[in-house]
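Here is the structure we will look at, set down as structure tokens.
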Amino acid sequence: MSSSENPTVTERGSKDRRDDKHEDGDKKEGGGGGFIEKVKDFIHDIGEKIEEAVGFGKPSADVSGIHIPHISLHRADLVVDVLIKNPNPVPIPLVDIDYLIDSDGRKLVSGIIPDAGTIHAHGEETVKIPISLVFDDIKSTYKDIQPGSIIPYLVRVVLLVDVPIIGRIKIPLQKSGEIPVPYKPDVDVEKIKFHHFSFEETTATLHIKLENKNDFDLGLNMLEYEMWLGDDSIASAELTQTAKIEKQGITRMQIPFSFRPKDFGSAVWDMIRGRGTGYTIKGKIDVDTPFGNMKLPISKEGGTTRIKKDEDDDDDDDN
């Protein structure tokens, strides 16, 4: 958890009071220095009494949470929630917010947010800091960060606030966590099982294999796909189906579909005759992860498959 127990204070004014006393002492011989010094001391004492009476104090802050509202293969959007408490009877401006995210000492992203708002008198407010991590930039900069891995991160935030009488204060905060660098699942067509054939309508089942190459589980919610045999698109669908694909694991799915052979070209007829034929499958899956919901693309080009008849052994997964 972050902490703001030791904020640094930048005092206002450019002269040290000892310098003022030295200069005024030099003027005493002229007759006016002693009076001016007394006036300054009086004003300073009054200021301290006003500060004590009114109750000015240093604000406190804490990183209350980090959320990931969006994550994909390309980037992750983070929102850092910073809770700031103002004990003073007047609003205080939040001058700047500096932020930095690193992973094991490697800088991932940094920035500054100027004029970040005002904290109400005797109030508290949660300031939201939006930050985006672009995975391509991270992977190109740090070659040891591999797709599919989970990396630690540390968010460092410095708040610059302007408090009446006290001056400008820097409040350093930090909070750690983990974030994935996603890798798209691998999809493969193991076989197409033939159930009923006619020139007008043929029914079959598509047997596909999904491999999760990430270091975290995927909870499958939806599969959207389109499949081509040669140049012919023979099937497409959006299926709502739940399944768990364990990290570095494989799950298999059976998808029923139908098509009209007379509408397609030679690739379909080659498949019907029992010959292997090239296929392409593209689409996306909607999954839940420990880091939030993701929509990940799936694609396979140039594979080879064939039809299997109903009487063929179900355990035979030859392509």
Side-chain angles (χ1 to χ4, degrees), residues 1-4 8 61-82 94-116 126-160 170-187 210-220 245-250 282-301:
M1 185 59 70
S2 56
S3 173
S4 60
T8 58
D62 198 1
V63 177
S64 56
I66 299 178
H67 313 284
I68 308 177
H70 171 81
I71 188 167
S72 67
L73 282 182
H74 306 292
R75 79 174 200 275
D77 295 333
L78 285 72
V79 177
V80 182
D81 291 341
V82 178
L94 185 53
V95 182
D96 287 327
I97 298 176
D98 285 308
Y99 64 84
L100 167 70
I101 297 183
D102 65 42
S103 177
D104 292 332
R106 299 166 295 191
K107 185 177 80 170
L108 303 182
V109 67
S110 63
I112 184 171
I113 303 175
D115 302 324
T126 298
V127 176
K128 297 184 178 295
I129 306 173
I131 303 173
S132 288
L133 296 176
V134 180
F135 295 129
D136 286 344
D137 293 344
I138 294 172
K139 289 182 290 187
S140 63
T141 304
Y142 306 108
K143 302 300 183 182
D144 59 319
I145 296 180
Q146 298 297 319
S149 61
I150 300 173
I151 60 174
Y153 70 81
L154 181 66
V155 177
R156 305 176 191 270
V157 177
V158 177
L159 307 176
L160 180 61
K170 288 183 178 180
I171 307 176
L173 309 167
Q174 65 180 36
K175 191 175 182 67
S176 60
E178 290 183 330
I179 196 164
V181 181
Y183 193 84
K184 72 176 184 179
D186 187 41
V187 61
L210 285 172
E211 183 178 359
N212 178 15
K213 296 186 176 183
N214 295 283
D215 289 334
F216 50 90
D217 296 342
L218 301 177
L220 180 64
I245 314 176
E246 295 185 352
K247 61 182 181 180
Q248 302 297 332
I250 293 174
K282 293 183 179 180
K284 64 181 179 181
I285 59 174
D286 182 290
V287 294
D288 292 326
T289 77
F291 310 94
N293 180 265
M294 294 188 196
K295 292 177 175 59
L296 300 175
I298 55 173
S299 64
K300 177 77 172 185
E301 297 187 35

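Here the structure is a predicted model, which means the values were calculated and not measured. Numbering of residues begins at 1 and proceeds along the displayed sequence.
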Any salt bridge (Lys or Arg N to Asp or Glu O under 4.0 Å) involving residues 149-159? Give me the pairs, sequence neighbours left out, ordered by first then second residue. Asp102-Arg156

When you measure from the side chain of Asn212 to the backbone N and O of Glu246, does any donor-acceptor pair fall under 3.5 Å? yes

Beyond-backbone contact of Ile179 with Leu78, side-chain heavy atoms, under 4.5 angstrom: yes

Atom CG of Leu73 and atom CG of Asp136: how far apart are they, to the nearest 0.5 Å? 9.5 Å

Could you pull out all residues at least two apart from Ser110 that satisfy side chain to side chain contact (heavy atoms under 4.5 Å, CB included)? Leu100, Lys107

Treating Gln174 as the side-chain partner and Val155 as the backbone partner, does any N or O pair qualify as donor plus acceptor under 3.5 Å? no

Would you check if the side chain of Thr141 reaches a backbone N or O of Asp137 as a donor-acceptor pair within less than 3.5 Å? yes

Rounded to the nearest 0.5 Å, what separation is found between the CD1 atom of Ile171 and the CG atom of Asp62? 11.0 Å

Return the set of residues passing salt bridge (charged side-chain N to carboxylate O under 4.0 Å, His left out) with Asp215 (not counting sequence neighbours), or none when no residue passes. none

Student check: side-chain heavy atoms of Pro185 and Ile285 closer than 4.5 Å: yes

Starting at CD1 of Ile298, measure out to CG of Asp186 and round the result to the nearest 0.5 Å. 10.0 Å

Is a side-chain donor or acceptor of Thr126 paired with a backbone partner of Val82 at a separation under 3.5 angstrom? no

Look up atom NZ in Lys139 and atom CD1 in Ile145, then write down how far apart they are to the nearest 0.5 Å. 10.0 Å

Pro130 side chain near Asp77 side chain, heavy-atom distance below 4.5 Å: no

Shortest non-hydrogen contact from Pro147 to Pro182? CB-O, 4.3 Å

Would you check if Ile66 and Tyr153 make a side-chain contact, meaning some heavy-atom pair closer than 4.5 Å? yes

Can you name the residues that form a side chain to side chain contact (heavy atoms under 4.5 Å, CB included) with Phe216, not counting sequence neighbours? Ile150, Pro180, Asn214, Leu218, Thr289, Pro290, Phe291, Met294

In sequence, state the C-alpha distance, the side-chain angles, and the governing distance for Leu108 and Ile151, and then conclude on side-chain contact (heavy atoms from CB on, under 4.5 Å). CA-CA 11 Å; Leu108 303 182; Ile151 60 174; 4.3 Å; yes

Under the salt bridge (charged side-chain N to carboxylate O under 4.0 Å, His left out) rule, collect the residues that match up with Asp217, sequence neighbours excluded. Lys244

Within this structure, what is the CG-CD1 distance for the pair Leu160 and Ile113, rounded to the nearest 0.5 Å? 13.5 Å

Does Tyr99 reach the side chain of Val80, with side-chain heavy atoms less than 4.5 Å apart? no

Do Ser299 and Lys184 have side-chain heavy atoms sitting under 4.5 Å apart? yes

Which heavy atom of Pro152 sits nearest to which heavy atom of Ser103, and what is that distance? O-OG, 2.6 Å

What pairs of residues pass the salt bridge (Lys or Arg N to Asp or Glu O under 4.0 Å) test when at least one of them lies in residues 282-297, not counting sequence neighbours? Lys282-Glu301, Asp286-Lys295

